[in-house]
Structures are given as structure tokens and as C-alpha cells.
Novice: 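This is the structure I want to talk about, given as C-alpha cells.
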Amino acid sequence: MVVRRLFRDSAHLVRPALVLVACMALFLVVRSAIIPKAFGQYGHYRPGALDLVRQHPIAFAGQDTCVMCHDDQATVRAAGKHAHVACEACHGPLAQHADDPAAHVPKLPDVADLCRRCHEKDAAKPRNFPQVATAEHSSGMACNTCHQPHNPHL
Amino acid sequence: MDISRRDIFTVGGKLLILASVGATLKQITGAEPPSDAYRLADHWWGMIIDIDKCIGCGNCVRACSKENNVPEGFFRTWVERYQIEDQIKEVKQPRVESPNGAIDGFPPLAPIDGKSFYVPKLCNHCADSPCVQVCPVGATFVSPDGVVLVDQTYCLGCRYCVQACPYGCRYLHPETQTVDKCTLCYHRITKGLTTACCENCPTGARLLVDFKNPKDPVHEILRTNKVQVLKPYMATGAKVYYENLDGAVR
Amino acid sequence: MIPGVDGFMYPNEVELQWSVLIVLYPYITGLVAGAFILASLERVFNVAAVRPTYRLALLTALAFLLVAPLPLQLHLGHPERSLEMYLTPHTSSAMAMFGFVYLWYLTVVLLLEIWLEYRTEIVGLAQSTRGLKRWIYRALTLGSYDVSPAARRMDEKVGYAVTVIGVPSAFLLHGYVGFIFGSVKANPWWSTPLMPVVFLFSAMVSGIAAVMVLYVVCMKLRKTAIDMRCLDTIARYLFYTFVIDFTLEMLDLIHRTYESDESFRSLDFMVHTRLLFSHVILQIFLGTLVPLFLLAANQLWRYTEGTRKAMYMTAGALTLVGIFAMRWNVVIGGQLFSKSFLGYTSYKMQLASREGLVAAVLLMILPFVIFFVLVKLLPPWQGGKAHEA
């Protein structure tokens with residue numbers, strides 16, 4: 001009797017509970033339907049993201065590629081102090097050129113700006129790095145009148 | 001049953017869901033793990049930077065910017081110049097500068113009473129990264145090969161990760177409105193190339209390393225040199241090691 | 001040199017990531033938590049004197065709670081993706097978990113408690129009104145018209161239970177907001193275990209002050225007499241919580257100063273320069289010391305009704321400004337210094353952009369609009385009188 005009365009008096013409380021449960025059930029259904037596929041395969045993320053990042057196009061082909069076609073410059077460079085300076089460090093990104101040399105002929109670097117960036121005298125540079133106060137050193141002449149860019153040794 | 005107030009919330013919720021189904025649709029279809037010869041489990045990437053080799057030319061910054069279309073005014077890598085004066089009478093704060101991330105290098109510095117040097121910076125690709133920890137949705141993560149990446153199709157742009165990064169390596173991309181950062185040139189290193197910054201570093205101050213490769217020079221370097229990571233007290237498991245790092249560097 | 005920057009910032013740090021909208025977010029959530037805790041005083045702790053504000057506090061809490069997620073939403077780079085927070089919540093992220101705490105609090109605590117409290121009126125209005133209103137109230141009954149004394153006794157019991165659950169939930173709600181900031185180890189201005197506690201008590205302070213001010217304003221607008229016993233009690237509780245809040249904040253300050261760790265020089269400089277106005281003047285002096293003094297004076301001496309009202313209102317308004325300044329100093333201040341501790345940037349608030357001043361002002365007005373609608377829909381006044389009678 002007491003129990004029945006209790007049920008009757010709290011019957012209305014079942015309604016908000018039902019609404020809540022219904023919402024939660026709906027959420028679970030929707031969630032399972034639209035959660036990204038394979039989410040969590042490697043960790044808490046979408047595994048497809050790895051491929052997405054990998055799809056980014058390459059701009060710098062890498063010196064191994066340049067060397068395949070330009071063995072003249074490569075041999076010259078290998079003999080000098082710029083042996084470890086990559087081609088594209090001076091020439092800029094040339095992956096498109098490497099893919100199709102005829103369609104993308106590169107512009108040659110501007111020597112006036114180029115050498116200075118690496119060789120200008122600067123107290124913060126490592127002491128053993130060859131550096132010159134370019135204005136005095138070249139007295140206005142382009143660096144490549146005396147130095148050969150691919151093998152700068154005189 | 002009549003329409004209740006909670007139902008109204010539910011309807012609102014449904015509309016929201018419908019709206020974001022559109023947004024998520026791409027992710028439902030395009031999820032395939034990498035397919036070619038590259039095996040995620042065989043690599044654990046990092047980098048070694050030798051401060052004593054850096055000449056502050058800014059080649060890495062320019063190369064990164066061109067390789068990754070980094071938006072102007074933001075940096076995935078940058079170079080700082082530290083000047084630490086002799087501490088004769090008082091302890092002075094170091095003077096640090098990085099004009100526009102050093103994308104055009106630095107103006108020449110005349111000798112000072114003290115020491116000065118360059119410090120290249122980039123994402124440390126932390127193994128226990130606070131940025132990954134705080135991401136509410138799993139849009140940023142450590143890949144199985146140890147690179148911290150952002151899923152541009154999933155990022156909310158809440159920028160909690162930017163706040164959590166102790167090194168200032170993240171930014172909100174002004175066009176995509178998602179968080180962007182160094183990917184360690186993931187598109188290059190997974191195809192056998194080195195990163196754009198390492199490729200273009202004239203002095204070899206930067207070196208991409210693979211800790212899981214027993215033949216990688218990193219093991220010899222770590223054995224024969226004293227190395228340090230930035231802000232070690234943050235305990236983030238940083239994988240960018242520095243040789244000859246001064247204690248003043250933050 | 002970059003305009004607005006002193007010293008050295010990491011290049012990506014120059015622009016602030018979290019704008020004034022993120023200042024609003026803990027402010028508004030704090031008002032919710034505080035208002036609810038005031039409401040629960042009556043129910044759980046049997047402070048009968050504050051009964052006239054019980055319903056008012058609940059509606060205030062609801063109005064602000066409905067607005068609380070909006071600044072976050074508006075600030076996102078991709079608001080349309082926000083559902084991901086529920087689809088793939090990252091369990092280690094305080095922000096993701098906040099979403100669930102919020103929903104729990106909204107549905108299980110606040111809506112349920114309001115529904116239980118108002119059931120008699122809703123059923124009555126569903127039968128007495130006409131037209132659209134009738135439909136609204138009928139929907140609100142959820143189809144049950146049982147308001148027999150037995151059923152109401154049941155409601156009373158369940159309502160009590162909900163409030164008992166609600167108090168820790170409100171603590172959780174705002175403690176969590178504090179944790180979102182306090183757990184960022186990269187940022188020494190935020191990273192302290194005291195942050196959730198400080199946030200919690202400042203939330204209670206702001207919520208109680210808000211309800212106190214709202215109560216007086218509502219009574220003035222309705223040209224009804226203010227229940228001074230009620231107002232005195234609220235002011236007394238405001239004073240207590242404020243003392244705790246102030247103690248905690250001073251503890252944090254003293255601790256930082258005494259420890260003087262690596263970040264101290266930088267933060268100290270920031271407080272004395274860029275944050276001088278908002279931190280020292282607005283937050284500590286005008287927003288804390290002055291109201292504390294006004295409230296303390298009322299504990300020590302008796303004033304006339306008019307003076308008391310004026311003192312309470314001044315204290316309440318200053319408190320609300322002070323707590324806002326506190327949120328500002330946490331959120332904005334935490335981004336003004338470089339994580340290299342070598343430089344400072346400045347925050348340039350935009351005006352009409354998505355995260356600008358206009359958006360912030362509108363977001364601050366919105367809860368009052370909602371509050372107005374709620375008061376029209378569910379009048380808080382009858383209940384109070386019925387109870388008194």
C-alpha cells in the first residue's frame with residue numbers, strides 16, 4: 001500500500017528521467033553514426049590525418065636529386081669548401097625544376113645578396129667560420145668576380 | 001507526450017549535429033592509414049642542433065617558410081641571437097632578438113664584452129607533449145613515429161595547445177583558422193628526404209635523426225657529446241637535443 | 001621593433017590567443033556557480049532568511065549558464081566543429097571534460113531543480129493561460145498534472161537531493177574552469193594548484209554579489225519593499241566568502257613573492273606596469289579592499305536601512321567589477337609576458353570583430369535578456385510570498 005502510493009506520487013518524476021535517457025540514447029546513436037572512421041586506431045586521433053599531412057607537396061628536391069643531372073657543378077662543388085652547402089641553399093626551392101627542367105628554368109641567385117647572408121662578419125657567428133666585412137673585402141665588386149660560387153677557393 | 005523543454009534542446013542538438021555532419025563527412029570517407037613502404041613502427045624522429053655551428057643565416061627559416069607555406073608573421077622554426085654580457089658587477093638579463101624570426105638573417109653584430117651566439121628553435125616533438133595532453137578533441141597527437149602533428153580537418157581552433165606549449169612553437173593559421181606548427185616535414189621524412197631546414201642548413205648545425213635506426217649518427221653523437229634539451233624542467237620528453245647549449249637559453 | 005612589444009617575445013607569442021571572450025567565460029561560469037550556491041544556502045543549509053532570493057538565484061544561474069558556452073563557441077576558429085568535443089572527447093583534456101560537467105550541471109542539476117520548484121505554478125498556468133503561452137506551459141509540465149500535496153512532498157524530497165548533488169556539482173563546474181588554467185604548466189602565471197580554489201571562491205563571491213544586486217534592482221523596478229533581513233544575510237555570506245577568497249589570493253601572492261622562482265622577476269614587472277591598473281587598482285584595491293571594508297563595517301556597526309542598502313549596492317557593484325578584473329588579469333595577464341621571461345606584449349582589443357568589444361558587450365547583455373524572459377515565464381515572486389505566508 002505504502003509502496004503503491006510512493007509509486008503514484010513519484011510517477012511524474014519518471015518523465016524528466018525518460019527525457020534525459022532518450023537524449024542520451026539519441027546522442028549515442030548519433031555519435032556512433034558520425035564519429036570519424038577508424039578513430040583511435042593509433043591513438044586518440046584520426047589515422048587519416050597522417051596521410052593528409054604527407055600529401056603536402058615537396059618544394060625542395062634535395063641535393064641528391066640535383067647531382068643526378070648537374071654533375072659538372074656537383075664535381076666542382078665537391079672539391080671546395082661549399083661541398084656541404086646544398087644546391088638549394090643557394091638556388092632556392094627547385095623541386096618543380098627537377099621534375100620538369102624544361103618547363104621550369106630557374107633564375108640564377110643574386111650574388112650581391114647571397115654570399116653576404118652567410119659570410120658577413122658577425123660577433124655571434126662561430127669564430128672558425130670564414131667571415132668577412134663584405135663592404136671592405138670586395139670593395140663593391142661582385143663576389144663571383146674573384147670567387148667561383150661552387151668552389152670559392154681562389 | 002507533448003513537446004517538452006528538453007525536447008527543444010534535443011531538436012537544437014539535432015540541428016547542430018546535422019550542421020556538423022557536413023563538416024565531418026570528409027573525415028568519414030578519407031581515412032586510410034599510410035600505404036607504401038614507409039613503416040610507422042620503424043621510426044622515432046627527432047633532431048640534434050649544434051649551437052656552435054649555427055651562423056644565423058636564416059636559411060632554415062626561409063626554407064621552412066617556402067616548403068610549408070608558413071603564413072607571414074608566424075614561424076614553425078626561427079633563430080634567436082643571444083648576447084650575454086660579462087657579469088662583473090651585476091647579473092644582467094641576456095639580450096635576445098629574433099627580427100621577424102630571422103627570415104632575413106640578422107644585422108651584423110659588433111663584438112661585445114661577453115658572449116653571443118645563435119639558437120635555432122623549432123617544435124621539440126615532445127614524447128609527452130602538453131599540447132597533445134590538452135587538446136579537447138584529439139586533433140593534435142604524437143604520431144606512431146614520434147612527430148607531433150595537427151589534423152587540420154579536425155582542429156577546433158580553441159588554441160588551448162598554443163597556451164600549453166612551453167616553447168611558443170604553435171600559432172593559429174590566419175586563413176585556415178586551425179592551429180599550425182612544425183610537422184618535422186613529415187611529408188619529406190616519410191619519403192626518405194631530410195627536413196627543409198636541415199637540407200638547407202649550410203653548416204650542418206641541424207641534423208634530422210631517427211632514434212630507432214641503429215645506424216643513425218645520433219647514437220654516436222649522444223654518446224660522445226654533452227647534450228641538453230630546452231626547459232628540461234618542463235619534462236615534456238623533448239626530442240630536439242642541443243649540443244653546446246648555454247644555460248641562459250630559454 | 002614590433003609595436004606593443006618590449007624585450008623579447010618568441011615570434012609566435014606576439015599575438016594573444018585568448019581574447020576578452022575567454023575572460024567572459026570564467027566570469028559567467030563563476031556567476032552561475034555562485035548564484036547556485038547562494039540558492040542552495042536556503043535549501044541545504046536551512047538559511048531561511050535568504051528564501052526571497054531562492055528562485056531569483058536559480059533563474060540567474062540558468063540565464064548565465066545558457067550563455068556560458070557562447071563566448072567559447074564564438075572564439076573557436078571552427079565553431080561548426082565544436083560537437084567533436086562530445087564525439088571524441090580527449091579524456092586528458094580539461095577542456096573536453098568541461099563539456100560534460102557543463103551538460104551534467106545544466107540538465108541534471110539546474111533544469112531539474114527549477115522544474116521541481118516551479119511545478120505547481122507550471123501546472124496552474126498550463127490550465128489558466130491561453131494560446132501560445134498555454135502550449136509552452138503544457139510542454140513544461142512534461143505531461144504530468146499531478147500536484148497533489150503528496151506529489152509535492154515527493155518533489156521537495158527529490159529537490160533536496162538534487163540540491164545536495166548540485167552543490168558539489170557547482171563546485172566542480174567552476175573548480176574545473178580554474179583547473180583549465182591552473183593545469184597549464186608552461187604558464188607560471190596560471191600554473192598553481194590554488195587556481196581552482198581561488199576560482200571557486202571568487203565565483204561564489206561574484207555570484208552572491210550578482211544575486212544581491214539583481215534582487216535589489218528587481219525590487220526597485222517592481223516597487224516592492226526590500227526584505228532587509230534577507231539582504232543583511234546575503235551581505236553577511238558575501239563577506240564570509242570574500243574573506244576566504246581574499247585570503248587565498250593573498251596566500252598565492254605571498255607564496256609567489258617568497259619563492260621568487262625563475263618567473264618572478266618577469267611577472268612582478270608585469271604586475272607593476274602592464275597590469276598596474278587592472279590588477280592593483282581595479283582588482284585588489286577597488287574590487288576587493290573597498291567592498292571588504294564596506295561589508296566588514298556592517299558586521300561591526302549598525303547603520304540605517306538606507307545607508308546599508310547604499311553600502312551593499314556599492315560593495316556588490318565593485319565586487320562584480322573586481323572579479324571581472326580578476327578574470328581579465330588571469331586570462332589576459334597570462335599571455336602578456338613571454339614564456340622566455342624576457343619580454344612583454346600587449347593586448348589590442350578589437351572593436352567589431354568576432355572576438356571584439358561589441359561581441360563581448362552583447363554577450364554580457366544576453367544573460368539579462370534571458371533572465372527577463374525567464375522571469376516573465378516563471379515569475380519568482382509568488383513562490384517567495386507563498387512560502388512566507
Side-chain angles (χ1 to χ4, degrees), chain B residues 1-9 16-17 19-20 22-24 73-75 78 80 93-98 100-101 121 130 132-139 153-160 162-173 176-179 231 233-236 249-250, chain C residues 1-2 7-15 17-18 22 72 75-90 92-99 106-107 111 115 135-136 138-143 180-181 183-187 190 262 265-266 334-335 338-343:
Chain B
M1 205 166 77
D2 290 327
I3 302 172
S4 71
R5 185 151 56 166
R6 281 213 177 76
D7 280 347
I8 293 168
F9 280 107
L16 244 175
I17 288 165
S20 57
T24 14
F74 299 95
F75 301 90
W78 67 94
E80 295 164 5
Q93 291 297 316
R95 207 176 110 73
V96 187
E97 56 196 334
S98 180
N100 205 10
K121 296 258 182 98
V132 171
Q133 186 185 29
V134 302
C135 176
V137 297
T153 63
Y154 213 61
C155 172
L156 302 173
C158 74
R159 294 167 256 177
Y160 200 8
V162 184
Q163 307 288 5
C165 174
Y167 310 102
C169 293
R170 292 171 163 256
Y171 54 87
L172 188 81
H173 194 296
T176 64
Q177 288 287 308
T178 50
V179 169
K231 302 193 181 180
Y233 45 86
M234 283 290 160
T236 57
V249 175
R250 283 288 164 277
Chain C
M1 274 290 104
I2 312 158
F8 173 69
M9 300 292 287
Y10 294 136
N12 293 327
E13 278 181 330
V14 173
E15 233 169 76
Q17 296 299 331
W18 285 355
I22 305 296
L72 282 185
H75 151 270
L76 290 181
H78 283 271
E80 81 284 2
R81 292 182 187 165
S82 57
L83 200 73
E84 287 167 6
M85 250 200 253
Y86 295 105
L87 291 181
T88 57
H90 195 196
S92 69
S93 166
M95 201 183 274
M97 289 305 107
F98 177 80
L106 176 69
T107 54
L111 286 181
W115 186 70
W135 282 104
I136 294 175
R138 283 174 73 168
L140 288 181
T141 59
L142 294 181
I180 288 181
F181 293 95
S183 62
V184 178
K185 71 175 165 194
N187 190 321
W190 292 346
E262 184 191 14
R265 185 193 52 84
S266 178
Q335 304 172 78
S338 169
K339 286 175 191 154
S340 68
F341 307 133
L342 294 170

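Because the structure is predicted, anything quoted here is derived from the model rather than measured. Numbered from 1 within each chain, the chains take letters A, B, ... in sequence-line order.
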Novice: Quick one about B:R170 and C:Q17 (side-chain donor to acceptor, distance below 3.5 Å, no hydrogens or angles considered), yes or no?
Specialist: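 Absent: no donor and acceptor within the cut-off.
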Novice: Between B:V162 and C:W18, does a side chain to side chain contact (heavy atoms under 4.5 Å, CB included) hold up when you go through it step by step?
Specialist: CA-CA 10 Å; B:V162 184; C:W18 285 355; over 6 Å; no
Novice: Tell me the closest heavy-atom pair linking C:H90 and B:V137, and the distance in Å.
Specialist: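 For C:H90 versus B:V137, the nearest heavy atoms are CB-N, 4.2 Å.
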Novice: Who passes side-chain contact (heavy atoms from CB on, under 4.5 Å) against B:T178, sequence neighbours left out?
Specialist: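 Partners of B:T178 by the side-chain contact (heavy atoms from CB on, under 4.5 Å) criterion, ordered by chain and then number, come out as B:Q152, B:C155, B:T176, C:H78, C:R81.
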Novice: Show the nearest heavy-atom pair for residues C:S93 and B:P136, with the distance to one decimal.
Specialist: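 Nearest pair, atom of C:S93 first, then B:P136: OG-CA, 3.3 Å.
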Novice: Top residue by heavy-atom pair count (under 4.5 Å) with chain C, among B:Y160, B:Y167, B:Y171?
Specialist: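 With the most close heavy-atom pairs to chain C, the winner is B:Y160.
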Novice: Under a 4.5 Å cut-off applied to non-hydrogen side-chain atoms, are B:Q93 and C:F341 in contact?
Specialist: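 No, side chains not in contact.
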Novice: Between the side chain of C:K339 and the main-chain N/O of B:R250, is any donor-acceptor distance below 3.5 Å?
Specialist: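 No, C:K339 side chain to B:R250 backbone: no donor-acceptor pair under 3.5 Å.
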Novice: By a 4.5 Å heavy-atom criterion (distance strictly below it), what part of C:L342 contacts chain B: side chain, backbone, both, or neither?
Specialist: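 Contact with chain B involves the side chain of C:L342 alone.
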Novice: Identify which part of C:I22 has an atom lying under 4.5 Å from any heavy atom of chain B, answering side chain, backbone, both or neither.
Specialist: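 For C:I22, there is no contact with chain B at all, as no heavy atom is under 4.5 Å.
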Novice: Residues two or more places apart in sequence or in another chain: which of them pass side-chain contact (heavy atoms from CB on, under 4.5 Å) with C:P11?
Specialist: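 Partners of C:P11 under the side-chain contact (heavy atoms from CB on, under 4.5 Å) test: B:F75, B:W78, B:S98.
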Novice: Determine the minimum heavy-atom distance between B:C158 and C:M95, stating which atoms define it.
Specialist: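 Between these two residues, the closest heavy atoms are SG-SD, 3.8 Å.
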Novice: Nearest 0.5 Å, what's the NZ-CD distance between B:K231 and C:E262?
Specialist: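 With rounding to 0.5 Å, NZ (B:K231) is 7.5 Å from CD (C:E262).
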Novice: Nearest 0.5 Å, please: how far is OH in C:Y10 from CD in B:E80?
Specialist: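 That separation rounds to 6.0 Å.
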Novice: Quick one: does B:T236's side chain get under 4.5 Å of C:K185's, heavy atoms only?
Specialist: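 Yes - at least one pair of side-chain heavy atoms lies under 4.5 Å apart.
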Novice: Who wins among B:L156, B:N100, B:V132 for the most heavy-atom pairs under 4.5 Å with chain C?
Specialist: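 Answer, by heavy-atom pair count under 4.5 Å with chain C: B:L156.
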Novice: Atom CD of C:E15 and atom CZ of B:F74: how far apart are they, to the nearest 0.5 Å?
Specialist: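 It is 4.5 Å, given to the nearest 0.5 Å.
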Novice: Can you tell which of C:S338, C:G334, C:P89, C:S340 has the highest number of heavy-atom pairs within less than 4.5 Å of chain B?
Specialist: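 If we count pairs closer than 4.5 Å to chain B, C:S340 comes out on top.
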